[in-house]
Amino acid sequence: MPINASYQAIWNVVSSIPRGRVASYGQVARLAGLPGRARLVGTALGEAPSRQLPWHRVINAQGRIALPPNSPGFREQRKRLREEGVMVVKGRVDLRQYGWKTGSDSPLLD
DNA sequence: GACATGACATAAC
DNA sequence: CGTTATGCCATGT
């Protein structure tokens, strides 16, 4: 009942995003059984125990890092993504290449 | 309770 | 690539 359950579902999905891939807020919301609640994902990440969560693998639907450019969070996310081999150019990521396709690892576009 | 804000999305122009 | 509009909703004032 409490929104806590929703947060749990969200954190759960985020935790399952494979290394080197990224998912959009909306995608995470859908996978968490919360269609249309992309915003809640952002809120959940903000409240989340970032220590254990690959929050950096979540970006917006346009493949752009949602945090303010040049903010500490932005740089941290960019750094973590690059460390996983995800190319970030001008705060952007190519979703066709790094987007997380649930159920299989893009075997053709690698 | 009303109002404003924001790590968002989608559609339409 | 832009802007506007609408939907969404937890949080904070």
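Below, chain A is the first sequence line, B the second, and so on; all start at residue 1.
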Output yes when at least one side-chain N/O atom of A/Arg37 is less than 4.0 Å from OP1 or OP2 of C/dC9, else no. yes
Distance test, side-chain N/O of A/Arg57 to OP1/OP2 of B/dA7, below 4.0 Å: no
Taking 4.0 Å as the cut-off, does a side-chain nitrogen or oxygen of A/Tyr7 come that near to OP1 or OP2 on C/dT11? yes
Calculate, to the nearest 0.5 Å, the distance between atoms CD and CH2 belonging to A/Gln52 and A/Trp11 respectively. 12.0 Å
How many Å lie between CD on A/Gln62 and C1' on C/dG2, as a whole number? 11 Å
Any strand: nucleotide that pairs with B/dA7 via Watson-Crick or wobble, under 3.5 Å: none
Using the P atom on both, measure B/dA7 against C/dT6 and round to a whole Å. 22 Å
Measure CD/A/Gln27 against C1'/B/dT10 and give the value in whole Å, please. 15 Å
Does some side-chain heavy atom of A/Ile59 sit less than 4.5 Å from a side-chain heavy atom of A/Leu95? yes
Could you give the CG-to-C1' distance, from A/Leu45 to C/dT11, as a whole number of Å? 15 Å
If you only use heavy atoms from C-beta on, which nucleotide in B/dC8, C/dA10, B/dA7 is closest to the side chain of A/Asn60? B/dC8
For A/Glu47 and C/dC9, what is the distance between atoms CD and P respectively, to the nearest whole Å? 18 Å
Could you state the OH-P distance from A/Tyr25 to B/dT10, rounded to the nearest angstrom? 14 Å
Measure CZ/A/Arg80 against C1'/B/dA7 and give the value in whole Å, please. 14 Å
C1' spacing across the pair B/dG1 / C/dG12, given as an integer number of angstrom: 14 Å
If each of A/Thr43 and A/Ala38 is mapped to the nucleotide of DNA chain C with the nearest heavy atom, which maps nearer the 5' terminus, i.e. the 5' end? A/Ala38
Kindly compute the distance separating CZ (A/Arg96) from NZ (A/Lys101), expressed to the nearest 0.5 Å. 10.0 Å
Sugar-phosphate only, base, or nothing, as touched by A/Gly36 at under 4.0 Å among non-hydrogen atoms: sugar-phosphate
Nearest whole Å is fine: how far is B/dG6 C1' from A/Arg39 CZ? 5 Å
Taking OP1 and OP2 of B/dT10, is either one under 4.0 Å from a side-chain nitrogen or oxygen of A/Arg30? yes
Protein-nucleotide distance (A/Ile10, atom CD1; C/dC8, atom P), rounded to Å: 16 Å
Applying side-chain contact (heavy atoms from CB on, under 4.5 Å) to A/Tyr7 and A/Leu40, what does each step give before you reach the verdict? CA-CA 8 Å; A/Tyr7 280 17; A/Leu40 187 62; 3.7 Å; yes
Sequence neighbours excluded, the answer for salt bridge (Lys or Arg N to Asp or Glu O under 4.0 Å) partners of A/Glu84 is A/Arg57
